[in-house]
Amino acid sequence: MNQDELKKQVAEAAIEYVETGTVIGVGTGSTANYFIDALAKIKGRIDGTVASSVASAERLKSHGIPVMDLNEVGELSVYIDGADETNDYLQLIKGGGGALTREKIVAGASHKFVCICDDSKLVKILGRFPLPIEVIPMAQSFVARELVKHGGRPELRQGFTTDNGNIILDVKDLEILEPCRLESQLNDIPGVVTVGLFANRPADVLLLGTSNGVETRTAPD
Ligand code: 5RP
């Protein structure tokens, strides 16, 4: 199976986590897109969705799936989204598609976070994928200097503006040995909106697409 087939396989497996009569959170990216397409087939079972990006909202609407404002709904039953990397503790790097801030908000508002990805995303130590950080534009140089002090090599994502009107710095060369600590430290830099590390609120369930089928993992205690 190629990577796209693995993504489709896990996206379809995630339908099992959709609870009838609830509002669910929907992520962003190619794996999340496969999930949206699968969700269209059972759309009558849910009350609606909250999307983590404008792009996902548009795809959901194109299928006739209701998209709601997070401020108008309570807790979401489940959030289903992909990732750029995951470790064995279901701590993630996200933001390859630039939607990390809304992804972190919707994940935080959800009772359960189900991460869907192909097995190329599984690593022992996070950091092979450059860490995306959303930054207020006026703070770009200051934040970049602070990131260098943490051992990173920040690069501006060229020609990209987030749904929130901000920039993304992609930080290379970080070997993330203490993900929770680093997430908190980087969040504390003035001008940082969101760090693409999802360690303090990891996924609850990981559906990993492998050539032998979908592997289901839960975070160790
Ligand atoms: C978007 C994300 C995506 O989940 C991540 O980039 C994975 O994308 P894909 O499913 O296309 O591999 O965090 O901001």
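Quick note: residue numbers are just sequence positions, from 1. Start at 1 and go down the list; that is how both ligands and their atoms are numbered.
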Regarding ligand 1, does [X] bring an N or O atom to under 3.5 Å of one of the ligand's N or O atoms?
{"X": "Gly95", "result": "yes"}
{"X": "Gly97", "result": "yes"}
{"X": "Gly82", "result": "yes"}

Can you report which non-hydrogen protein atom sits closest to [atom], along with the distance?
{"atom": "atom 5 (C) of ligand 1", "result": "Asp84 OD1, 3.1 Å"}
{"atom": "atom 4 (O) of ligand 1", "result": "Lys94 NZ, 3.0 Å"}
{"atom": "atom 9 (P) of ligand 1", "result": "Ser30 OG, 3.3 Å"}
{"atom": "atom 10 (O) of ligand 1", "result": "Thr31 OG1, 2.6 Å"}
{"atom": "atom 12 (O) of ligand 1", "result": "Lys121 NZ, 2.8 Å"}
{"atom": "atom 14 (O) of ligand 1", "result": "Glu103 OE2, 3.0 Å"}
{"atom": "atom 3 (C) of ligand 1", "result": "Thr28 O, 3.3 Å"}

- Message: Show the atoms of ligand 1 that are less than 4.0 angstrom away from any heavy atom in Gly96.
- Response: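 Within the 4.0 Å cut-off of Gly96, ligand 1 contributes 6 (O), 13 (O), 14 (O).
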- Query: What part of Ala83, side chain from CB on, backbone N/CA/C/O, both or neither, has a heavy atom under 4.0 Å from ligand 1?
  - Reply: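 Near ligand 1, Ala83 shows its backbone, while the atoms from C-beta on stay back.
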- Query: Is the number of heavy atoms from other residues, nucleotides or ligands under 6.0 Å of Glu16 CD greater than 12?
  - Reply: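 Counting other residues, nucleotides and ligands, CD of Glu16 stays at 12 neighbours or fewer.
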- Task: Would you indicate whether Lys104, at its atom NZ, is surrounded by more than 12 heavy atoms from other residues, nucleotides or ligands within a distance under 6.0 Å?
- Result: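 Yes, the 6.0 Å shell around NZ holds more than 12 heavy atoms from other groups.
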- Is the NZ or CZ atom of Arg145 both under 6.0 Å from the centre of the six-membered ring of Phe142 and within 45° of that ring's axis?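 Judged by the rule (NZ or CZ under 6.0 Å from the ring centre, within 45° of its axis), Arg145 is not positioned above Phe142.
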- Query: Is the cationic atom of Lys7 (NZ for Lys, CZ for Arg) positioned less than 6.0 Å from the six-membered ring centroid of Tyr34 and within 45 degrees of its normal?
  - Reply: no
- Query: Which distance, rounded to the nearest 0.5 Å, do you find between the CG of Leu131 and the NE2 of His150?
  - Reply: 11.5 Å
- Message: Could you measure the distance from the OH atom of Tyr79 to the CZ atom of Arg201? Nearest 0.5 Å is fine.
- Response: 10.5 Å
- Under 3.5 Å, is there a donor-acceptor pair between the Asp69 and Asn71 side chains?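 Yes, because at least one side-chain N or O of Asp69 sits under 3.5 Å from a partner of the opposite role on Asn71.
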- Query: Could Arg181 and Glu183 be called an ion pair, given the rule that one side-chain N must be under 4.0 Å from one carboxylate O?
  - Reply: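 Between Glu183 and Arg181 there is no salt bridge, as every charged N stays at least 4.0 Å from the carboxylate O atoms.
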- Query: Is it true that Asp37 and Lys8 have a side-chain N and a carboxylate O under 4.0 angstrom from each other?
  - Reply: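 The answer is no: the pair does not qualify as a salt bridge.
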- Looking at ligand 1, does Gly27 have a heavy atom less than 4.0 Å from it? no
